[in-house]
Amino acid sequence: MILYVRDMEASIAFYRDVIGLSFKFRQSTYAEFATEGTKFALFERSAVPDLIGRPVTEGGPTGEVAFVVDDVNAEAERLAAAGVRILTPPTDRPWGHRTLYVLDPDGHVVELAQEIPRESPRLANPS
């Protein structure tokens, strides 16, 4: 995933110094971080307010960047102390993550997720 940012220096500092990603390099208008893998998923827009506390509006965020961490509660405390805007505090999700949602300097939604036991799936019409 590549995010389009307004202020490269502020964004590099956020993802390197606040989120804690390893900075790889910068070349002119492009910067890259060293990550071990990526995650791609789909999420219904109508359910976004339950995750981040606000609806998706035209021109607003249409996705998120997600990072798996060891301790979401510790990350929430660290990020709050750093002045990062927290959208949703640590919350256990039925899909097997404890999540925290914050905003980066450009208003992109960033999810920090800790793996937890997944709830048993429920069938809509058990037969």
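Along the sequence shown, residues carry numbers from 1. Keep in mind the model is a prediction, meaning the values are calculated, not measured.
Taking every heavy atom of both residues into account, I12 and A31 meet most closely at CD1-CB, 3.8 Å. When all heavy atoms are compared, the tightest approach of A10 to P105 is O-CG, 3.8 Å. Of all heavy-atom pairs between Y4 and H108, the closest is O-NE2, 3.2 Å. Here the shortest heavy-atom pairing between L87 and I52 reads CB-O, 3.4 Å. Here the closest non-hydrogen pair linking I86 and A80 is CD1-CB, 3.9 Å.
Applying the ring pair (Phe, Tyr, Trp, His ring centres under 6.0 Å) test to F67 and every residue at least two apart in sequence or in another chain returns nothing. Not counting sequence neighbours, the partners of D106 by the salt bridge (charged side-chain N to carboxylate O under 4.0 Å, His left out) test are R6. Every residue meeting the ring pair (Phe, Tyr, Trp, His ring centres under 6.0 Å) condition with F25, not counting sequence neighbours, appears here in chain and number order: Y30. A search for side chain to side chain donor-acceptor pair (under 3.5 Å) contacts involving E75 returns R78, not counting sequence neighbours.
By the rule that hydrophobic residues join a cluster once side-chain heavy atoms approach within less than 4.5 Å of another member, I116 and V72 end up as members of separate clusters.
Residues D104 and L3 are in side-chain contact: their nearest non-hydrogen atoms beyond the backbone lie under 4.5 Å apart. Contact of the I19 side chain with the V65 side chain is not registered, since no non-hydrogen atoms from C-beta on lie closer than 4.5 Å. Between H97 and Q114, every side-chain heavy-atom pair lies at or beyond the 4.5 Å cut-off.
Sorted by first then second residue, the side-chain hydrogen bond (donor to acceptor under 3.5 Å, both in side chains) pairs that include residues 18-27, not counting sequence neighbours, are E9-R26, K24-E32. Residue pairs meeting the side-chain hydrogen bond (donor to acceptor under 3.5 Å, both in side chains) criterion with at least one partner in residues 82-93, sequence neighbours excluded, are D92-R98, R93-T99.
Here the straight-line distance linking atom CG of L112 with atom CD of E64 works out to 10.0 Å at 0.5 Å rounding.
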